[in-house]
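In each ligand, atom 1 is the first atom listed, and ligand 1 is the first ligand listed.
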Amino acid sequence: MFTHPDFDGHESVTWLQDPGTGLRAVIAVHSTALGPGMGGCRVWTYADAAEGLTDALRLSRGMSLKNAMADLPLGGGKAVIFGPLPGPGTARSAAFRAFGRAVAGLGGRYVTAEDVGVGVADMAAVAQETGFVSGLAQSGDAVGGDPSPFTALGVLRGIEAAVARRFGRTDLAGCHVAVQGVGNVGGALCRLLAERGARLTLADADSARALALAAELGAVTTDPGVILETPADVFAPCALGGVLTMQSVGRLGAAVVAGAANNQIWDEAAGAALAARGVTYVPDYVINAGGIIAVGAEYLGGQTRADVLAAVEAIGPRVGALLDRAQADGVRVDLLADRMALEKIAAARHGG
Ligand code: NAI
């Protein structure tokens, strides 16, 4: 474990197996230097346990960097549950309650919320077992619930900032955005983009979902296998991570890459290739922080909806400042973001 290529100094990695429900999961806590390790829980069907572990480690580290860059008093952690899980019903709730008991056992070092394949009802089941959970249904004007709309708003602001820098444009009217994955975040993002007059090409592994949204918004769809190379102004990856590889970067059809997916850059070689191609890349964990800002506020308390929206809106200027600084310093923007985030974490570690 300690020599795993993605281990990167994780504070803890917990494997779970619940005999009663068959739940199998791993909870990775990368850092609690800035606060409790907070990050969502993903349900995914991995080829094997090793693939799930790699995902958990990469996502957990990403949460440390994301929370640090968003100036949240939170560390980084992430959980993956080995799917498939049953659909809504007692068996699924029981699995999430078992997961909740394991989260409780970590004593607040990890706080969970939704990620891919997990919904508000699942978090409600977790909340029956532990208070170290967020993303719960809220009534009235209370802060919280599904983080996706906040993530989508932050991504929109990040796209605007990147487009302003790359193309000198102050609005998105007529700007062509190719969106990969139109689920909770990608779908909400498409609606925000359409409201601003952007031209959309959509692709989703679930073609019916892409077709329905395209009909609603007057957009076109394409095959998920070619969305990355679709000639466009912006490519917005909103499906899963690892889409930017050394091979795929060479096929990119857009000059700007800005989207919600976590861990878009597969490895160092892909990051270098992206920069060599002159792509304006917006670091994923900077642009997609809207959701954690919202669920973090729900967990930490003391903030109004207006406070949360203001913090999500601030993603635009943050992305702009980051792109400007990378250009001024002549450095890769993804490496600059990593360095800034790691410095904040190190300062907290030494201060605390
Ligand atoms: P989701 O599960 O609602 O949507 C993902 C969509 O991508 C689905 O419609 C799925 O069919 C599609 N998809 C999967 N593989 C695909 C492929 N190869 N090509 C095209 N489409 C594909 O997930 P959600 O919540 O929208 O998250 C999307 C991404 O954003 C994930 O990487 C997630 O980790 C990240 N993210 C989500 C946040 C949130 O607030 N939900 C917060 C920060 C990051």
Please set out all donor-acceptor pairs under 3.5 angstrom arising from side-chain atoms of residues 210-226, sequence neighbours excluded.
from: Glu216; atom 1: OE1; to: Arg191; atom 2: NH2; distance (Å): 3.0
from: Glu216; atom 1: OE2; to: Arg191; atom 2: NE; distance (Å): 2.8
from: Asp223; atom 1: OD1; to: Gly225; atom 2: N; distance (Å): 2.8

Test: [X] and [Y] ion pair at under 4.0 Å:
| X | Y | answer |
| --- | --- | --- |
| Glu268 | Arg332 | yes |
| Lys78 | Asp55 | no |
| Asp171 | Arg196 | no |
| Arg169 | Glu160 | no |

For Glu114, is the nearest heavy atom under 4.0 Å from an atom of ligand 1?
no
Is it true that the side chains of Thr90 and Ser93 contain a donor and an acceptor less than 3.5 Å apart?
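Their side chains do not contain a donor-acceptor pair, so the 3.5 Å distance test is not met.
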Taking non-hydrogen atoms only, is Asp115 closer than 4.0 angstrom to ligand 1 via side chain, backbone, both or neither?
side chain
For ligand 1, does Gln264 get within less than 4.0 Å through its side chain, its backbone, both, or neither, judged by non-hydrogen atoms?
neither
Looking at [atom], what's its closest protein heavy atom, distance included?
| atom | result |
| --- | --- |
| atom 28 (C) of ligand 1 | Cys238 O, 3.2 Å |
| atom 21 (N) of ligand 1 | Ala205 N, 3.1 Å |
| atom 13 (N) of ligand 1 | Ala239 CB, 3.7 Å |
| atom 23 (O) of ligand 1 | Val116 CG2, 3.8 Å |
| atom 19 (N) of ligand 1 | Pro224 CB, 3.6 Å |
| atom 30 (O) of ligand 1 | Ala260 O, 3.4 Å |
| atom 11 (O) of ligand 1 | Asp204 OD1, 2.5 Å |
| atom 42 (C) of ligand 1 | Thr151 OG1, 3.3 Å |

So if I count the atoms of ligand 1 from 1 in the order they appear, which ones are less than 4.0 Å from some heavy atom of [X]?
| X | result |
| --- | --- |
| Gly181 | 7 (O), 21 (N) |
| Ser148 | 40 (O), 41 (N) |
| Pro147 | 40 (O) |
| Lys66 | 43 (C) |

Sub-4.0 Å protein heavy atom near atom 7 (O) of ligand 1:
yes
Mind checking the CD1-CD1 spacing from Ile315 to Ile159? Nearest 0.5 Å is all I need.
12.0 Å
Gap separating the NZ atom of Lys66 from the OG atom of Ser64, nearest 0.5 angstrom:
11.0 Å
Relative to the ring of Phe99, is the ring of Phe96 parallel (under 30°), tilted (30 to 60°) or perpendicular (over 60°)?
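Judged by the thresholds at 30° and 60°, the geometry between Phe96 and Phe99 is perpendicular.
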Taking the six-membered ring where the residue is Trp, are the ring centres of Tyr46 and Phe82 under 6.0 Å apart?
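Ring centroids of Tyr46 and Phe82 are less than 6.0 Å from each other.
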Quick check: Arg42 and ligand 1, any N/O pair under 3.5 Å apart?
yes
Return a yes/no value for Val185: is any of its N or O atoms, backbone included, closer than 3.5 angstrom to an N or O of ligand 1?
yes
Determine, stepwise, if the pair Leu274 / Leu244 fulfils side chain to side chain contact (heavy atoms under 4.5 Å, CB included).
CA-CA 8 Å; Leu274 202 56; Leu244 301 172; 4.0 Å; yes
